[in-house]
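Here is the structure we will look at.
It should be emphasised that the depicted structure is a prediction, and the values quoted were computed from it without experimental measurement. Residues: numbered from 1 along the sequence shown.
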Amino acid sequence: MKEFLQALANAIAVLFGDSPPPRPKDPPQLPPPEPEAKDPIGPQEPPPPTEGEPQDASDLDEEDIVIVDHESEPIIEEGSEFEDNPAPPPPDRDPEEVVDEPAPTPPSQPTSPAHKPRFMWCLDAGHGSLSAGKRSPKLENGERFFEYEFNRDIVERISERLVEIGVRHFIVVPEVEVGNFLKQRVKRANELESPIDKLFVSVHANAGPSRSIDHWISDSIRGIETWHYHGSPLGKAMAAVFQRHLIAATGFKNRHLRSKITGQFFVLRATKMPAILTENGFYNNRIEVKQLIRDDIRQDIADAHVSAIMEIERNGLP
């Protein structure tokens with residue numbers, strides 16, 4: 001009826017020389033905002049981390065939108081050389097405080113004249129012993145898997161091999177009794193003086209959503225994924241190399257490359273260099289956690305990181 005009355009009004013207006021009223025135009029559809037480009041050095045003034053901001057994949061809720069990269073990746077070069085429970089912290093301790101720990105050591109010096117360093121690798125062992133959660137349900141023997149211990153063990157193994165080869169690198173957080181320590185991690189990496197370009201690698205173990213910290217997740221939630229900043233082509237290329245080597249070395253399920261368009265992890269969006277975050281298996285998967293405890297699997301994960309580093313040392317990034 002409204003349409004009939006409007007058409008009648010328009011016809012009368014035309015008969016008496018008036019123009020019909022113009023039809024309202026639909027408002028223009030604006031494209032979604034693009035993430036700020038990160039390469040080559042990222043934002044000049046990193047925004048501070050916000051309360052409750054996710055810091056790695058284990059902090060994400062199921063409704064968070066992620067981009068999964070299924071693109072094919074290059075084949076690994078044939079003949080390559082690299083194919084105890086702590087007590088809970090006192091309640092008045094600041095999780096971001098460094099407690100009785102030495103200051104960060106300077107970057108390692110090359111010991112092998114055969115290798116000419118191409119990059120300065122900032123190796124970040126995600127989280128500290130004061131980070132909330134970040135531990136598995138109790139195992140059969142009553143012990144738990146602690147992510148901070150796993151992350152530091154992997155980084156130490158990587159560092160030992162890089163010293164032997166002669167690759168320049170810097171352990172961002174050698175301290176143990178810290179929390180997430182986010183601003184300090186980023187500040188140390190950003191302010192590190194280096195005559196060669198810097199790259200940032202944050203090492204983690206993953207956790208899937210569960211009813212509580214004392215419940216295991218579904219056995220089907222498992223595998224390795226590598227995260228990169230959504231606006232960084234170099235970060236994406238770097239992540240692809242690491243993911244490929246990690247899957248080849250461990251045989252774990254390939255969960256591919258991942259990124260968030262908004263709300264990206266602080267260590268990826270605030271570092272002034274290409275940066276990635278590796279999630280090396282799920283510690284609240286009752287099957288996979290038993291692998292993550294094993295010394296041989298940890299060495300495979302560390303060696304895969306070294307293999308990826310050496311590929312990028314040889315070939316650079318596109």
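In terms of modelled atom types and a separation under 3.5 Å, the side chain of Arg168 and the main chain of Lys198 share no donor-acceptor contact. Checking side-chain atoms of His169 against main-chain N and O of Val167 turns up a donor-acceptor pair under 3.5 Å. The backbone N or O of Val176 lies less than 3.5 Å from a partner atom in the side chain of Ser129, making a donor-acceptor pair. Judged purely by atom type and a 3.5 angstrom limit, Ser131 has no side-chain atom pairing as donor or acceptor with the backbone of His127. Between the side chain of Asp124 and the backbone N or O of Val201 there is no donor-acceptor pair closer than 3.5 Å. A donor-acceptor contact shorter than 3.5 Å links the side chain of Arg185 to the backbone of Ala125. No side-chain donor-acceptor contact under 3.5 Å links Ser159 to the backbone of Val155. The backbone N or O of Ser136 sits less than 3.5 Å from a side-chain atom of Arg144, completing a donor-acceptor pair.
Transitive grouping of hydrophobic side chains (ILVMFWY, heavy atoms separated by less than 4.5 Å) keeps Ile221 and Trp227 in distinct clusters. Transitive grouping of hydrophobic side chains (ILVMFWY, heavy atoms separated by less than 4.5 Å) keeps Tyr148 and Ile213 in distinct clusters. No path of Ile, Leu, Val, Met, Phe, Trp and Tyr side chains, each step under 4.5 Å between heavy atoms, connects Phe145 with Ile287, placing them in separate hydrophobic clusters. Under a hydrophobic clustering in which Ile, Leu, Val, Met, Phe, Trp and Tyr are joined whenever their side-chain heavy atoms come within less than 4.5 Å, directly or via other members, Leu246 and Tyr283 fall into the same cluster. Residue Phe150 is not grouped with residue Phe282 when hydrophobic side chains (ILVMFWY) are merged at heavy-atom distances under 4.5 angstrom, including chains of intermediate members.
Side-chain contact of Glu225 with His256: a donor-acceptor pair under 3.5 Å is absent, judged by distance alone. His230 and Ser259 are linked by a side-chain donor-acceptor pair at a separation below 3.5 angstrom, with hydrogens and angles left out of the test. Side chain to side chain, Asn280 and Thr278 meet the donor-acceptor criterion of an N or O pair below 3.5 Å.
By the side chain to side chain contact (heavy atoms under 4.5 Å, CB included) test, Ser220 pairs with Ser218, sequence neighbours left out. For Arg135, there are no side chain to side chain donor-acceptor pair (under 3.5 Å) partners at least two apart in sequence or on another chain. Asp219 meets the side chain to side chain donor-acceptor pair (under 3.5 Å) test with no other residue; sequence neighbours excluded. Listed by chain and number, the residues in a side chain to side chain contact (heavy atoms under 4.5 Å, CB included) with Arg222 are Lys253, Asn285, Glu288 (sequence neighbours excluded). Under the rule for a side chain to side chain contact (heavy atoms under 4.5 Å, CB included), the partners of Ile312 that lie at least two apart in sequence or sit in another chain are Phe119, Trp121, Leu199, Met238, Val241, Phe242, Leu317. Taking the salt bridge (Lys or Arg N to Asp or Glu O under 4.0 Å) definition, one finds that Arg118 meets it with nothing, sequence neighbours left out.
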Exercise for the section: Show the numbers, then the answer: is there a side-chain hydrogen bond (donor to acceptor under 3.5 Å, both in side chains) between Glu147 and His204? Expected result: CA-CA 7 Å; Glu147 187 189 354; His204 291 253; 3.2 Å; yes
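In this structure, Glu311 does not pair ionically with Arg314, as no charged nitrogen and carboxylate oxygen lie closer than 4.0 Å.
By the 4.5 Å heavy-atom criterion applied to side chains, Arg294 and Gln299 are not counted as neighbours.
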